[in-house]
Protein chains: 2
Amino acid sequence: MAGTEQVSASGERGQRPVTLTDVARLAGVSIATASKALNGRDQVAPATRQKVIAAADRLAFSPNPLARGLLAGRTGTVGLLTSDLVGRFVIPILMGAEDAFGAGKINVFLCDARGDAIREQHHLRALLSRRVDGLIVVGERTDPRPSLGKDIPVPVVYAYAPSDDPSDLSLTPDNTTAGRIAVEHLVGSGRTRIAHISGDPGYAAARARAAGIEAALGEAGLERIGDVLFSEWSERWGRDAAALLLTQHPDIDAVVCGSDQIARGVLDTARDFGRAVPEDIAVMGFDNWEVLTTNSRPELTSIDANLQELGRTAAQRVFAALDGVDVGSGTQYLPPRLVIRGSTIARR
Amino acid sequence: MAGTEQVSASGERGQRPVTLTDVARLAGVSIATASKALNGRDQVAPATRQKVIAAADRLAFSPNPLARGLLAGRTGTVGLLTSDLVGRFVIPILMGAEDAFGAGKINVFLCDARGDAIREQHHLRALLSRRVDGLIVVGERTDPRPSLGKDIPVPVVYAYAPSDDPSDLSLTPDNTTAGRIAVEHLVGSGRTRIAHISGDPGYAAARARAAGIEAALGEAGLERIGDVLFSEWSERWGRDAAALLLTQHPDIDAVVCGSDQIARGVLDTARDFGRAVPEDIAVMGFDNWEVLTTNSRPELTSIDANLQELGRTAAQRVFAALDGVDVGSGTQYLPPRLVIRGSTIARR
DNA sequence: TCTGCTGCCGAAAAGCTTTTCGGAACCGTA
DNA sequence: TACGGTTCCGAAAAGCTTTTCGGCAGCAGA
């Protein structure tokens, strides 16, 4: 009536989604031809293809993924099943996966199992019934976790927490190398009397980092000062352990801490004891949790586990497996990265 | 050959998904009857319904949501579009949404726009083309953000960061009340000389909290000690500002901090100045970011924004809107919650 | 001019569920 | 026995895309 044009150029205003039929009608061809033209199949004359593409463009057509998935068996979706309650690991992994998938081609269903096996099963079933093309399972610690089993009809990659079944594919940070890198950095900057405070020895991460630290110390011809102090992953423990250490071994010149939280505690105690960091004592942590590392005084040197890279790799593996490529199995360890800040090297 | 049974009781081993046709065949009815029986429609004899349910159970049948969505127009999926890079807000909101949706009924596509409008548009289009039933948009600060616009064919709820268009529905923490609660807690525990250190005044959260603090101070008949110290959201600023404050106003007995990070810095400086917390000075923060609040000495009293509740509410609103209920518009403010720890009340 | 081939296009089926509507069986009543 | 009404069940269509295959037209060669 009062319309300024007969047909809205921008397509239906969201009322009824544009279908391939609409495109075909506008282009004056059959839906079969329209489909082939848009999908780059080769049984279409160039002129016809152009007509169809123009029509699709004009209607802002986007194919219905449900119909496409119904037929193709592929849905273009991936499930991310996590138990990481605070999102410290899963967010970078999600970002890496999005990068690898190429934003928009694939979308990610994120489900939080909250560490509950029942809920995990529930989500797993829901994801499978949605016909996700693949699964990435993210745990909150690097200890092996129960496998989802073999009778899952889509590729599964375990990220951060490896599966306990060696026939699954798992990607996890190389904490042994991380420990080694930490010591090499300290030794390289002139430290010789190095102590080690860690967290809960029930964590594989604590043990692996410790192993790397021991190995690197040995290779440098150094002895660890004092025992490895294991307890829990908290600043409080870092403070208490540092107090113990500084009392028993006043001559240490570096402390490798099992996590950034512990390192924060150590920094506090060093201050209480009147030891300057990094001049008297170097302190470093693991995880490179920015809210902790960039806010301390001085800022904290740490080892970053490259989680975004891990997520990207996991996504690539899922993709490759989908395309029938053999992506192998077992646990693959991804190299960490040293991030140097003021707690180990004095600013000029 | 060597099979111990003719037919696997547990259904196809993930090879070909079980379809309704399989169920109908096993139950000896038509697919139409099977569908009606499973969906609780009332044109089915009880005995027949039982037969069908038993068959479905035995085959572990779950309806293909693609086919269902194709027909119904609803997909049972919701898009969560975030710009929250560290996941501090989006993870609790996701968890709340999962709670509200009832795990499994609805699944959530999580997309991270990383603060990039282009990427956000990209993800938005992808989500719409997947026919999500609704959208929740999560921002990383409580300042109004650009609306996605009106021509989105599904309900949209903005969470944490409200939309700048008042005809959209937004849910955001009530930071004014948060500030008020903070002061009331301090006053209620006997503090009278209260100072305020905040973060970047460009943030609506900083201004709203400050407004609530001023109002509550006035109602209590108190004057704020010193100016509100605005600068940035960091521990460093908390340390520096506290030093300034303690020098200029040595007689303060409480500091309200604009964030937990700032409060952590204030705790450090108080210690440096030899002031006991909470005996000499009470300190509190906002956000209740656990890694910060439960690791400090003493542990930090904070105001929790109830993000999980916010996520739950957002999901409920999306649901209600889907069912045609008018969920209103404009920005709705959700009440925060006081979490008392040792930095304001001495342990007995 | 006729045959055969190539190049394009379109009809139709497949993929799975839900819903509508027609029809069959059964019961009770006239 | 015949008929009306109720109760269930099943055939079929709709929802949208992709793929297969048949067919038509046009062209070249005989």
Side-chain angles (χ1 to χ4, degrees), chain A residues 11-12 15-53 55-56 59-77 105 128-133 153, chain B residues 11-12 15-53 55-56 59-77 105 128-133 153:
Chain A
E12 330 285 301
Q15 306 296 12
R16 193 177 57 78
V18 178
T19 85
L20 187 57
T21 308
D22 302 325
V23 175
R25 183 163 36 217
L26 181 60
V29 299
S30 76
I31 55 171
T33 303
S35 173
K36 280 180 290 195
L38 294 176
N39 293 335
R41 319 283 308 169
D42 58 350
Q43 304 232 320
V44 175
T48 310
R49 188 187 304 277
Q50 272 316 312
K51 253 192 322 186
V52 173
I53 290 177
L59 295 177
F61 168 75
S62 79
N64 185 330
L66 282 70
R68 174 178 273 173
L70 184 56
L71 191 57
R74 287 217 191 164
T75 54
T77 61
K105 294 287 298 173
L128 290 180
S129 91
R130 284 204 188 279
R131 309 293 194 270
V132 292
D133 294 336
Chain B
E12 329 286 304
Q15 307 297 13
R16 194 176 58 80
V18 177
T19 84
L20 188 56
T21 308
D22 301 325
V23 175
R25 183 164 34 217
L26 180 59
V29 298
S30 76
I31 55 171
T33 304
S35 172
K36 280 181 288 195
L38 293 176
N39 293 336
R41 319 283 309 170
D42 58 352
Q43 304 233 324
V44 171
T48 310
R49 188 186 305 276
Q50 273 313 314
K51 251 191 325 187
V52 173
I53 290 177
L59 296 177
F61 168 74
S62 79
N64 185 330
L66 281 70
R68 175 180 270 173
L70 183 58
L71 191 56
R74 286 214 192 165
T75 54
T77 61
K105 295 287 297 172
L128 290 180
S129 90
R130 283 204 189 280
R131 308 296 194 270
V132 292
D133 293 336

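B:Thr19 comes within 4.0 angstrom of the backbone, heavy atoms only, and of no base.
Along DNA chain C, the nucleotide closest to B:Asn39 and the one closest to B:Leu70 are compared, and the more 5′ of them pairs with B:Leu70. Toward the 5′ end of DNA chain D lies the nearest nucleotide of B:Val44, the other residue of the pair B:Val44 and B:Ala67 mapping further downstream. Across the interface with DNA chain C, nearest-nucleotide mapping of A:Arg68 and B:Arg68 shows A:Arg68 to be the residue nearer the 5′ end.
Pairing each heavy atom of A:Asp22 with each of A:Pro17, the nearest pair is OD2-O, 4.2 Å. A pairwise comparison of heavy atoms in A:Arg49 and A:Arg41 identifies NH2-O, 2.7 Å as the closest pair. Annotation for A:Arg130 and A:Thr75: closest pair O-CG2, 3.9 Å, computed over non-hydrogen atoms. Closest non-hydrogen pair, B:Ala55 versus B:Ala27, comes out as CB-CB, 3.9 Å. Of all heavy-atom pairs spanning B:Ser129 and A:Ser62, the tightest one is CB-OG, 3.3 Å.
Applying the side-chain contact (heavy atoms from CB on, under 4.5 Å) test between A:Val52 and each of A:Leu38, A:Leu20, A:Leu26 identifies A:Leu38 as the sole match.
Separating the NZ atom of A:Lys36 from the P atom of C:dG7 is a distance of 14 Å, rounded to the nearest angstrom. Computed from coordinates, the A:Arg41 CZ to C:dC8 P distance equals 15 Å when rounded to whole Å. Summarising the geometry, the separation between CZ on A:Arg131 and P on D:dT17 is reported as 20 Å, rounded to the nearest angstrom. The separation between B:Arg25 atom CZ and D:dG10 atom C1' is 16 Å, rounded to whole Å. If you take CD of B:Gln43 and P of D:dA11, they are 16 Å apart, rounded to a whole angstrom. Rounded to an integer number of Å, the gap from A:Arg49 CZ to C:dG10 P is 14 Å. When the P atom of C:dT18 is taken as reference, atom CG of B:Leu20 falls 7 Å away, rounded to whole Å. One can place CZ of A:Arg130 at 15 Å from C1' of C:dC16, the figure rounded to the nearest angstrom.
Side-chain nitrogen and oxygen atoms of A:Asn64 include none within less than 4.0 Å of the OP1 or OP2 phosphate oxygen of D:dG15.
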Exercise for review: Take B:Leu66 and A:Arg131 through the test side-chain contact (heavy atoms from CB on, under 4.5 Å) and record every step on the way to the result.
Suggested key: CA-CA 8 Å; B:Leu66 281 70; A:Arg131 309 293 194 270; 4.3 Å; yes
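Residues from residues 27-34 of chain A with heavy atoms under 4.0 angstrom of DNA chain C, sorted by number: A:Val29, A:Ser30, A:Ala32, A:Thr33.
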